[in-house]
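Given the structure is predicted, the values throughout are model-derived calculations rather than measurements.
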Amino acid sequence: MQINKLRGKELDQLFKAILSLKDLEECYEFFDDLCTINEIQSLAQRLEVARMLQNGFTYHKIETETGASTATISRVKRCLNYGNDGYKMTLDRVYEGEVETAEE
């Protein structure tokens, strides 16, 4: 876990703050204050790339639909294959019962 190198009071505070958010509107308000528009877009893009990879989409289709670079797509794929399953865990929760595949 690379993030363990950052573990500490400040990161705990950030994660606790995120866990305290009650709904989408609070998320919009908090992240609008916390991050730049580009940072938010990058985070959202990575999650969408992960969703598309998990559902079997090609690099070309992902690049076309999300605007993500092949480097970003590769990094996300590496996390999906060798990471801590964070993308899988959250995407499974967000899209519970929904399945979209590259064939659709």
Determine, step by step, whether Asp92 and Gln54 satisfy the side-chain contact (heavy atoms from CB on, under 4.5 Å) criterion, reporting the C-alpha distance in whole Å, the side-chain angles of both residues, the deciding distance to 0.1 Å, and the verdict.
CA-CA 10 Å; Asp92 286 352; Gln54 191 170 292; 3.4 Å; yes
Cluster overlap Phe30 with Ile37, hydrophobic side-chain contacts below 4.5 Å
no
Could you work out, with side-chain contact (heavy atoms from CB on, under 4.5 Å) as the rule, every residue matching Ser69, not counting sequence neighbours?
Ala71, Thr72
If you take all heavy atoms of Val49 and Ala68, which pair is closest and at what distance?
CG2-CB, 3.7 Å
Can you name the residues that form a side-chain contact (heavy atoms from CB on, under 4.5 Å) with Leu11, not counting sequence neighbours?
Ile3, Leu6, Leu14, Phe15
Under the salt bridge (charged side-chain N to carboxylate O under 4.0 Å, His left out) definition, can you give me all pairs with a residue in residues 12-22, not counting sequence neighbours?
none
Are the side chain of Glu39 and the backbone of Thr36 linked by a donor-acceptor contact shorter than 3.5 Å?
yes
Any Arg46 side-chain heavy atom under 4.5 Å of Tyr87 side chain
yes
Among residues at least two apart in sequence or on other chains, which ones pass side-chain contact (heavy atoms from CB on, under 4.5 Å) with Glu25?
Asp23, Glu29
From Gln45 CD over to Met52 CE, what is the distance, rounded to the nearest 0.5 angstrom?
11.0 Å
Could you tell me whether a side-chain N or O of Asp32 sits under 3.5 Å from a main-chain N or O of Tyr28, the two making a donor and an acceptor?
no
Hey, does the side chain of Glu48 reach the backbone of Thr66 with a donor-acceptor pair shorter than 3.5 angstrom?
no
Using distance only, find each side-chain donor-acceptor pair of residues 73-81 under 3.5 Å and give its atom names and separation, not counting sequence neighbours.
| unit_1 | atom_1 | unit_2 | atom_2 | d |
| --- | --- | --- | --- | --- |
| Ser74 | OG | Tyr59 | OH | 3.4 |
| Ser74 | OG | Thr70 | O | 2.9 |
| Asn81 | ND2 | Lys77 | O | 3.4 |

Which pair of non-hydrogen atoms, one from Cys27 and one from Leu21, has the smallest distance, and what is that distance?
SG-CD1, 3.8 Å
Arg93 meets the side-chain contact (heavy atoms from CB on, under 4.5 Å) criterion, sequence neighbours left out, with Met89
Please answer: with hydrophobic residues joined when any side-chain heavy atoms are less than 4.5 Å apart, are Tyr95 and Leu53 in the same cluster?
yes
